[in-house]
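Below is one structure. I have some questions about it.
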Amino acid sequence: MITKLLKESLKKIVRDIYEIELNDMELKVEKPPENQPGEFGSNIAFLVSKTVKKAPEDIALSIMNNMKNNNLFSNIFYVKPGYINWNLSIELYKQELIKVIKEQNYFKEKQVKNELINLEFVSANPVGPLNVVSGRAAAYGDVLANLFDFNGYRVHREFYVNDHGNQIKLFAISLKERYLELHKIKQKAEIPEDGYKGDYVIDIAKNISSIAPDIKQRVLNLLYNKMEEELINMFTELGLRYVKNWQETTLKNFGVKFDLWFSENSLYENNYIEKIINKIKEKELIYEKEGALWFKTTQFGDDKDRVIKKSDGQWTYFASDIAYMQSKIDRGANRIIMILGPDHHGYIKRIEAIIQALGYRKEMLKIIILQQVNLLESGEKKKMSKREGKLVLLDELLELVGCDAARYYFLMRNHNSHLDFDIELAKEQSEKNPVYYVQYAYARICNILLFAREKNIEIEKVNIENDVEFTDLEKEEKDLITGILQASDVFIESMEKYAPSLVVQKLYELASSFHSFYNKYRVVTEDKKTTFKRLFILLALKQVFLNYFKILGITAKERM
RNA sequence: GUGCCCGUAGCUCAGUGGAUAGAGCACUUGACUACGAAUCAAGGGGUCGCAGGUUCGACUCCUGCCGGGCACGCCA
């Protein structure tokens, strides 16, 4: 909020003097390094010097001259090569703090935009429980969705269930075999070569009667009548349902809830795929070769065309993807965001091709590749594979370190960095997890406010506008205030950069400022003036922390 | 072979055109008879993989190379 205001004022000054319009993304307004003067600083003179071809110093001095006429800026400093730094006016501090304290949802954009964002993430195959890799995607996607929501967009969280195709059949057969073995109907399970060998399949076989109490009877009946296909169909249906429940429960424990679990199978109903493909056919983007149907993705920059219908007459997954994209748009999406694993980077071109072939701008699509999670075991790299059953379950992690620490751990990394995951390390680090650092700061704030109330200091009755002075601020107090004022800018910037890690970083900085302040100064003292001033800062700070926690999906603990 | 991601302190990582490159962990030293020491203050530790280029300015952008990882099906 405040950064935006400052940027606008600076841009206006430049417009007045030089008649040029500055790019918002390039213009920076930020806190200068520790050893430099001023609470805020800007690179504005450098930007202007690029187009005007004058020394940054001269430009800075002229801009500074005009800044003096604006009461936003109180002390203006020129710093060596061409920076302009300044302090904010005390009055501005006060007005902003009052708003933070008094306005409900001050940080949340009140004007809801018309745009609907379809955000797809996790979308793990429905053939097993979620592992830590999905955990990273879940945390990332959820916070991204929160950020969009916070900034006034409508967001639809979607989980694509790949419940169609061969892998499901293999899973169903594996499950069936395990079931027969478990109930001694068969001596030994015969898991197909490409089947699912992991122990978790045995667990599912053990527990599946929880969603189908009459399963044993049905199995025996079908076996007696030699209805092998029906038997597999039954295990397909039950297995899918069981796994979906499992995944949904895990995600719920992780604080993530989806608006829609979209079934790939549903695209096959009512010839939907056929209809959408025909739409592209009309544009002559589809041709036949060697008995198969091909989509001319090369027209949109792909390196080769892709098959959409195999020579055996089956649609490929790529065909259902085409229909799926159209379905998102049919359901009102103006913007499509997909969070995919690094193994999908080759699909970006293809999906862009789909969007364009369907007649939409490719800008409406944003694909974020969330880099891989490497599973380590005491330093050794280990291959995670659902088929082989080698994985670290998200459930295990949650049990081990808890939801807050797990979310924080995943969110600290940005999306394009690899993450080495060592369960031993996670266990060890859980006690030192920075999430406790930020939660502790919040608990301390609550405690002080509680303490003040016990001392019968009723801040609610104090008139902040008239009776509280924000003069003579200590450095630590100013740090807290700038942290408070910058919060909404952090939320906007993180959204624009698709970077939840930025939120985490800023929250940590804020907590750090608070802990420093706490150790140096006392809030509740004999001196009424100072006590009120500090209590008001803390009231605002508490609100800011609550907003950060809400976006990150972390619990705000009043006591640790 | 082609494409994508990564290479920053002993370890785990922030930082994507700006100010003396930052945190946490680990290590050393100090701070509780006052709102919680799960905290704070201070210290050591770096040729930002290497070499060129672009410019007022490069960890950041471009080119080449080295090292690590992933992906390149009429599988999903």
Side-chain angles (χ1 to χ4, degrees), chain A residues 26 28 30 32-36 41-43 46-47 49-50 55-57 79-83 85 125 127 162-168 170 194 264 289-294 303-304 306-318 320-321 341-349 369-372 374 379 381 409 412-420 422 425 428-429 431-441 443-452 454-455 497 499 501-502 504-505 508-509 511-512 514-525 531 534-535 538 559-560:
Chain A
E26 282 183 336
K28 287 198 173 160
E30 57 197 356
E34 285 294 302
N35 45 8
Q36 301 292 349
S42 176
N43 62 342
F46 296 111
L47 293 182
S49 85
K50 262 182 197 157
E57 182 165 355
V79 184
K80 275 179 293 182
Y83 291 98
N85 293 1
N125 282 337
V127 292
N162 295 104
D163 50 7
H164 187 89
N166 206 34
Q167 52 164 354
I168 302 302
L170 284 166
D194 295 329
E264 182 183 3
K289 194 179 95 185
E290 295 161 8
L293 275 187
W294 297 71
D303 52 356
K304 56 181 159 186
R306 306 288 167 177
V307 172
I308 53 171
K309 195 182 214 171
K310 296 185 264 179
S311 47
D312 67 1
Q314 295 267 328
W315 292 112
T316 63
Y317 79 98
F318 187 51
S320 46
D321 273 353
D343 48 338
H344 288 75
H345 86 261
Y347 303 153
I348 297 178
K349 280 263 159 53
I369 297 291
L370 192 59
Q371 282 303 324
Q372 69 203 63
N374 297 319
K381 198 155 276 184
Y409 183 77
M412 283 195 298
R413 271 81 179 184
N414 65 8
H415 62 87
N416 59 0
S417 82
H418 297 213
L419 165 57
D420 287 335
D422 192 322
L425 203 67
E428 198 184 297
Q429 285 190 348
E431 291 127 43
K432 302 164 192 155
N433 193 301
V435 78
Y436 299 116
Y437 184 85
V438 297
Q439 285 178 323
Y440 185 44
R444 274 179 151 177
I445 293 167
C446 293
N447 221 351
I448 296 172
L449 293 173
L450 200 69
F451 181 83
E454 280 167 7
K455 293 265 179 196
K497 289 185 172 167
S501 62
L502 193 61
V504 171
Q505 202 181 320
Y508 192 89
E509 280 173 22
S512 173
F514 172 74
H515 284 309
S516 294
F517 164 79
Y518 182 93
N519 273 277
K520 197 159 172 187
Y521 302 103
R522 231 186 115 75
V523 175
V524 180
T525 57
T531 304
R534 291 185 177 156
L535 282 175
L538 290 198
R559 239 170 265 279
M560 298 287 288

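Just so you know, these numbers come straight off a predicted model, no measurement behind them.
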- Task: Could you say whether K28(A) or N414(A) is positioned toward the 5' end of RNA chain B, judged by the nucleotide with the nearest heavy atom to each?
- Result: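 Going by which nucleotide is closer to the 5' end, it is N414(A).
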
- Using the C1' atom in both, what is the distance from C25(B) to A19(B), to the nearest Å?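 After rounding to an integer number of Å, I get 29 Å for this pair.
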
- Contact class for S417(A) vs. all strands (heavy atom < 4.0 Å): base, sugar-phosphate, or nothing?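 The answer is sugar-phosphate, as S417(A) gets under 4.0 Å only of primed atoms, P, OP1 or OP2.
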
- Message: Please classify the nucleic acid contact of R522(A) as base, sugar-phosphate, or nothing, using heavy-atom distances under 4.0 Å.
- Response: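 It contacts base atoms.
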
- With both distances under 3.5 angstrom, what nucleotide forms a Watson-Crick or G-U wobble pair with G52(B)?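 Answer to the pairing question: C62(B), which forms a Watson-Crick or G-U pair with G52(B).
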
Polar atom pairs (N or O), protein with nucleotides 19-23 of chain B, under 3.5 Å:
from: A19(B); atom 1: N1; to: N85(A); atom 2: OD1; distance (Å): 3.3
from: A19(B); atom 1: N1; to: N85(A); atom 2: ND2; distance (Å): 3.4
from: U20(B); atom 1: N3; to: N35(A); atom 2: ND2; distance (Å): 2.7
from: U20(B); atom 1: O4; to: N35(A); atom 2: ND2; distance (Å): 2.4

- Query: Could you state the CZ-C1' distance from F514(A) to A37(B), rounded to the nearest angstrom?
  - Reply: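 Result: 14 Å.
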
- Of the nucleotides G15(B), C6(B), C13(B), which has the atom closest to the L419(A) side chain?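 It is C13(B).
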
- Item | Pair partner, A9(B) [Watson-Crick or wobble, under 3.5 Å] |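 Partner of A9(B): none found under 3.5 Å.
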
- Task: Quick one: label Y521(A) by what it contacts on the DNA or RNA (base, sugar-phosphate, nothing), any heavy atom closer than 4.0 Å.
- Result: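 Y521(A): base contact, heavy atoms under 4.0 Å.
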
- Task: Scan Q439(A) against the nucleic acid and name what it touches under 4.0 Å (heavy atoms): base, sugar-phosphate only, or nothing.
- Result: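 Counting heavy atoms under 4.0 Å across all strands, no contact is made by Q439(A).
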
- Message: So R559(A), base contact, sugar-phosphate only, or nothing? Heavy-atom distance under 4.0 Å.
- Response: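 Since a base atom lies under 4.0 Å of R559(A), the category is base.
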
- Item | C1' spacing across the pair U60(B) / G15(B), given as an integer number of angstrom |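 My reading of the C1' atoms in U60(B) and G15(B) gives 9 Å.
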
- Query: G165(A) or D303(A): which one's nearest nucleotide on RNA chain B is closer to the 5' end?
  - Reply: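 Nearest-nucleotide comparison on RNA chain B picks D303(A).
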
